[in-house]
Asker: 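What follows is a single structure, and I will ask about it in a moment.
Just so you know, these numbers use all the heavy atoms, side chains as well, and skip hydrogens, waters and symmetry mates. What you see is a predicted model, and the numbers here were worked out from it, not measured in a lab.
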Amino acid sequence: MKNTYKIGDKVKIVNPEKDYPYKRFPIGTIGVVSCIDSDGDQEFAVIGITESGKNVSDEWWYLPREIRPYPYTNAEKIRCMSDEEMAAFLEKYFCHERRDSILEWLKEKANAEI
């Protein structure tokens, strides 16, 4: 899988290698890309992740296939919103849509814009 991450991107650990010799962050951990080492080959990049929201110095390396952007879906984006962000979101998007349309929208890839 090609690396499309940049330093500072927020990511979620989704599929860590099972045979890695050290215990790394568990599945579901939210982290920040802190460094990228690709030796000039984006196909085999390894990505340093520092756990987000923690005052820790731990950094573990992951391949691009082991992580994904966060928030990834609109539903995950909503779960991450502050009260102020949620108020702006509801003001902009609140409408009387059908439940299946809303569910479909929640599963779409999140747009960075609120």
Side-chain angles (χ1 to χ4, degrees):
M1 172 180 266
K2 191 172 180 100
N3 172 44
T4 58
Y5 298 101
K6 299 180 296 301
I7 292 175
D9 284 353
K10 205 169 197 181
V11 295
K12 184 176 187 176
I13 311 302
V14 293
N15 187 28
E17 291 288 330
K18 308 257 185 294
D19 296 331
Y20 197 78
Y22 303 102
K23 183 176 180 179
R24 298 186 292 169
F25 299 131
I27 292 173
T29 299
I30 307 303
V32 176
V33 175
S34 52
C35 51
I36 299 171
D37 182 9
S38 64
D39 291 333
D41 187 350
Q42 292 290 307
E43 294 292 329
F44 298 104
V46 288
I47 299 169
I49 306 295
T50 302
E51 194 170 7
S52 182
K54 305 276 182 164
N55 189 14
V56 294
S57 60
D58 286 346
E59 178 180 73
W60 291 104
W61 292 90
Y62 294 86
L63 296 170
R65 68 175 175 268
E66 297 177 283
I67 61 178
R68 72 174 186 193
Y70 189 81
Y72 188 71
T73 65
N74 287 319
E76 288 173 335
K77 182 177 179 178
I78 289 169
R79 288 184 197 103
C80 294
M81 286 182 179
S82 67
D83 292 346
E84 292 78 15
E85 290 170 322
M86 181 63 78
F89 168 80
L90 291 173
E91 181 180 24
K92 184 174 181 179
Y93 290 106
F94 187 81
C95 60
H96 299 285
E97 292 286 334
R98 292 174 28 136
R99 176 184 253 177
D100 57 342
S101 298
I102 293 170
L103 185 57
E104 184 178 312
W105 180 84
L106 287 171
K107 292 180 180 181
E108 288 178 10
K109 186 173 179 179
N111 184 339
E113 176 184 316
I114 292 179

Asker: List for me each residue that meets side chain to side chain contact (heavy atoms under 4.5 Å, CB included) alongside E108, sequence neighbours excluded, and say none if there are none.
Answerer: N74, W105
Asker: What pair of heavy atoms forms the shortest contact from A110 to P71, and how long is it?
Answerer: CB-O, 4.0 Å
Asker: Where is the tightest heavy-atom contact between E17 and R24, given as atom of each residue plus distance?
Answerer: N-NH2, 3.3 Å
Asker: Heavy-atom distance under 4.5 Å between the side chains of K77 and Y72, does that happen here?
Answerer: no
Asker: How long is the straight-line distance from OG1 of T73 back to NZ of K109, given to the nearest 0.5 Å?
Answerer: 11.5 Å
Asker: Give every residue pair that meets the salt bridge (Lys or Arg N to Asp or Glu O under 4.0 Å) criterion with at least one member in residues 67-76, sequence neighbours excluded.
Answerer: K12-E76, R68-E76
Asker: Are the side chain of E66 and the backbone of V14 linked by a donor-acceptor contact shorter than 3.5 Å?
Answerer: no
Asker: Would you say that P16 contacts I27 through its side chain, given a criterion of any heavy-atom pair below 4.5 Å between the two side chains?
Answerer: yes
Asker: Using side-chain heavy atoms (C-beta onward) and a distance below 4.5 Å, is W61 in contact with D37?
Answerer: yes
Asker: CD1 of I13 to CZ of F25: how many Å apart, nearest 0.5 Å?
Answerer: 7.0 Å
Asker: About how many Å separate OG1 of T29 and CD1 of I67, when rounded to the nearest 0.5 Å?
Answerer: 12.0 Å
Asker: State which residues pass side-chain hydrogen bond (donor to acceptor under 3.5 Å, both in side chains) with S34; sequence neighbours excluded, sorted by chain then number.
Answerer: T50, E59
